[in-house]
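All remarks here apply to the structure that follows.
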Amino acid sequence: MLHHPLVGELTLHGELIALPDAPSCCGLDLFAAAPGSASEQALRRLRTRRSLNIE
């Protein structure tokens, strides 16, 4: 769980993706909210704020 100052608590699921061409690298961390969840709606609000340049 993460706390974002604008939208509050976010529950995200994470996955580490190995990078086959970069063995010395740890990988790529991907995070997503469950479809239809409050966290997904919060991420959508952040995306809208970003596209409108609202701070």
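Since the model is a prediction, treat every value here as computed from it, not as a measurement. Nothing fancy with the numbering, it's 1 onward along the sequence.
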**Q.** Transitive ILVMFWY cluster of Leu30, excluding itself - 4.5 Å side-chain cut-off
**A.** Ile17, Leu19, Leu28

Q.
Assigning hydrophobic clusters by single linkage (Ile, Leu, Val, Met, Phe, Trp, Tyr; side-chain heavy-atom cutoff under 4.5 Å), is Met1 placed with Phe31?
A. no

(Q) Checking Glu40 now: which residues fulfil salt bridge (Lys or Arg N to Asp or Glu O under 4.0 Å) with it, not counting sequence neighbours? (A) Arg44

Q. Who are the side chain to side chain contact (heavy atoms under 4.5 Å, CB included) partners of Asp21, not counting sequence neighbours?
A. none

Per-pair distances, 0.1 Å, donor-acceptor, side chain in residues 3-14, under 3.5 Å, sequence neighbours excluded:
unit_1 : atom_1 : unit_2 : atom_2 : d
His3   : ND1    : Glu9   : OE2    : 3.1
His4   : ND1    : Leu6   : N      : 3.0

